[in-house]
Amino acid sequence: MVSPGQQGGKSAFPSRPSSLRTVQARLARALREDWDYRKGRIFGSMCTQPLPWAERLAQPFATANTGNPGLCPGTVRLEEELMAWLLDLFHAPSFGAGGTVVTGGTEGNITALWIARNVSGLREVVVPRSAHFSVAKALDLLSLKPRWAKTSPDGVVRVEEVRRLVSSRTAAVIAMAGSTELGAVDPIPELSEWLEPRGVRLHVDAAFGGFILPFLREIKGTDLPFDFKLPGVTSLSVDPHKMGGAPIPSGALLLRNWEEAQSIMTDSPYLSTPRSIGLFGTRPSRNVASTYAAIAMMGRTGYVRQLRRALQLTHRIAEEGRRLGIPAVREPSLNLVVLQHPNPQQVQLEMLRRGWDISAIREPRGLRFVVMPHVTAASVKEMLIDLTTVVRSKRRQRFPS
Ligand code: 0PR
């Protein structure tokens with residue numbers, strides 16, 4: 001959202017139609033100013049260059065609106081098939097589970113907590129300190145009260161904290177399957193085991209980890225259980241627009257018991273179907289088609305290949321960090337690594353001057369690198385050369401000889 005006044009700009013509303021060439025030129029100029037994933041210089045984003053065909057094949061769906069499903073039975077069928085794929089990937093039971101395409105992790109988390117509140121009639125949510133800020137938005141919108149659970153130094157929620165905070169007022173507990181800052185995966189099996197017999201809902205935010213964790217076993221031989229295989233997991237959100245190869249915006253919310261979605265349905269008498277589910281009215285069919293296309297064209301082997309490469313590069317950054325005296329905060333389990341640094345903002349700024357986008361983390365202090373599919377071996381090599389120079393020069397400035 002932009003306030004032109006703050007930007008100092010002053011533009012009158014177009015009085016007459018502009019020519020195609022003029023508009024094209026203006027858009028092209030704006031695009032040149034934007035960062036391009038394909039240069040491999042973005043390490044601070046969980047989004048990436050989508051599969052080109054996914055975008056292209058979905059283009060004809062641009063005008064269709066899945067929010068009025070009676071007019072697009074074909075897209076509805078694609079969404080059903082897509083949801084069936086995801087429910088299978090995340091080990092949902094064969095009967096009763098369901099899901100819907102959303103715009104991303106924010107909508108996924110808002111919708112999950114909306115359902116949790118309406119189904120349970122309760123008002124408190126136990127939230128790990130590591131949760132993404134979209135959860136804070138959801139709590140505010142839904143007038144839910146957070147009970148913040150502390151995390152351990154390596155970023156995973158403390159199970160004893162969750163146990164202490166859960167009460168008869170708890171609508172849901174949130175767990176992270178790949179936290180935004182550290183890439184940490186909470187002890188979801190323990191949480192599930194403790195919460196399930198107590199009938200307390202467990203929502204897993206797998207926005208980032210959802211297209212990583214299912215493929216780890218093929219690479220590492222072990223995995224980190226996080227999904228519906230664990231009986232206590234009641235809902236799960238995942239973002240195909242992060243590691244799924246889908247264009248933005250694309251998310252999915254999956255429920256163990258799809259009946260619960262009734263709790264957020266509203267009457268929509270003038271549409272082709274009398275009940276509307278979810279936050280938005282208009283829902284772009286293009287998101288369904290492009291996500292469908294991306295997943296179909298990647299397949300399990302495609303995701304494994306993508307992840308193997310990303311993990312190798314992540315470990316290369318961690319190794320170089322060790323050599324530079326800025327070791328990783330935690331051994332990376334996903335394609336995200338944070339290197340400890342006393343003054344990450346300074347390094348971030350200096351790297352930005354050299355054309356690199358990296359994030360600075362305040363707690364614990366560190367430099368965060370997300371190795372998304374657009375990052376290449378060559379760009380990592382180049383980035384590490386600049387990082388070495390910057391880290392060493394900052395050190396000399398701190399301790400002048
Ligand atoms: N849950 C988790 C674990 C997330 O990391 C994110 C976003 C969300 C939910 C919310 O997802 P949407 O933004 O799709 O609604 N993670 C990234 C972040 O905030 C998003 C991002 C993308 C940040 C591009 C920066 C950037 O350049 O870190």
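Every number for a ligand or one of its atoms is a count from 1 in the order of the listing. Nothing fancy with the numbering, it's 1 onward along the sequence. Side-chain atoms are counted along with the backbone in the values below, which use heavy atoms only and exclude waters and symmetry mates.
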### Summary
Near Met176 (heavy-atom distance under 4.0 Å), the atoms of ligand 1 are 3 (C)
### Message
Under a 4.0 Å threshold between the charged nitrogen and the carboxylate oxygen, would Glu218 count as salt-bridged to Arg308?
### Response
no
### Message
Starting from atom 24 (C) of ligand 1, what is the nearest protein heavy atom, named by residue and atom, and what distance separates them?
### Response
Ser45 OG, 3.2 Å
### Ring geometry between Phe215 and Tyr303 (parallel below 30°, tilted from 30 to 60°, perpendicular above 60°)
parallel
### Task
Output yes when Glu320 and Arg323 qualify as a salt bridge under the 4.0 Å nitrogen-oxygen rule, no when they do not.
yes
### Message
Using a 4.0 Å cutoff against the non-hydrogen atoms of Ser134, which atoms of ligand 1 qualify?
### Response
9 (C)
### Summary
Near Asp239 (heavy-atom distance under 4.0 Å), the atoms of ligand 1 are 11 (O), 14 (O)
### Task
Take the angle between the ring planes of Phe369 and Phe43 and call it parallel below 30°, perpendicular above 60°, tilted in between.
perpendicular
### Closest approach of any protein heavy atom to atom 25 (C) of ligand 1, naming residue and atom
Gly44 O, 4.0 Å
### Query
ligand 1 and Gly105, any nitrogen or oxygen pair closer than 3.5 angstrom?
yes
### Query
Applying a strict 4.0 Å limit to heavy atoms, is His241 in contact with ligand 1?
yes
### Query
Is Gly178 in contact with ligand 1, taking contact as a heavy-atom separation below 4.0 Å?
yes
#### Entry: side chain to side chain donor-acceptor pair (under 3.5 Å) assessment of Thr291 paired with Ser250
CA-CA 7 Å; Thr291 305; Ser250 175; 2.7 Å; yes
### Query
Taking Val338 as the fixed residue, which of Leu367, Val370, Val329, Ile326 is the one that meets the side-chain contact (heavy atoms from CB on, under 4.5 Å) rule?
Val329
#### Entry: Any donor-acceptor N/O pair, Asp267 side chain to Pro269 backbone, under 3.5 Å
no
## Note on the structure
Nearest non-hydrogen contact to atom 1 (N) of ligand 1 from the set Thr106, Thr48, Asp205, Val238 belongs to Asp205
### Candidate list Arg163, Arg164, Arg158, test salt bridge (charged side-chain N to carboxylate O under 4.0 Å, His left out), partner Glu161, passing option
Arg164
### Task
May I ask whether Glu107 places a heavy atom under 4.0 Å from ligand 1?
no
### Message
Whether the Arg283 and Thr66 side chains hold a donor-acceptor pair (N or O, under 3.5 Å, no angle test) is what I'd like checked.
### Response
no
### Query
What residue and atom, counting heavy atoms only, is the protein's closest point to atom 18 (C) of ligand 1, and at what distance?
Thr180 CG2, 3.5 Å
### Task
Would you mind checking which non-hydrogen protein atom is closest to atom 16 (N) of ligand 1, with the distance to 0.1 Å?
Lys242 CE, 3.4 Å
### Task
Would you verify that at least one protein heavy atom lies under 4.0 Å from atom 22 (C) of ligand 1, or report that none does?
yes
### Query
Considering His132, Met46, Lys137, which one's heavy-atom position lies nearest to atom 7 (C) of ligand 1?
His132
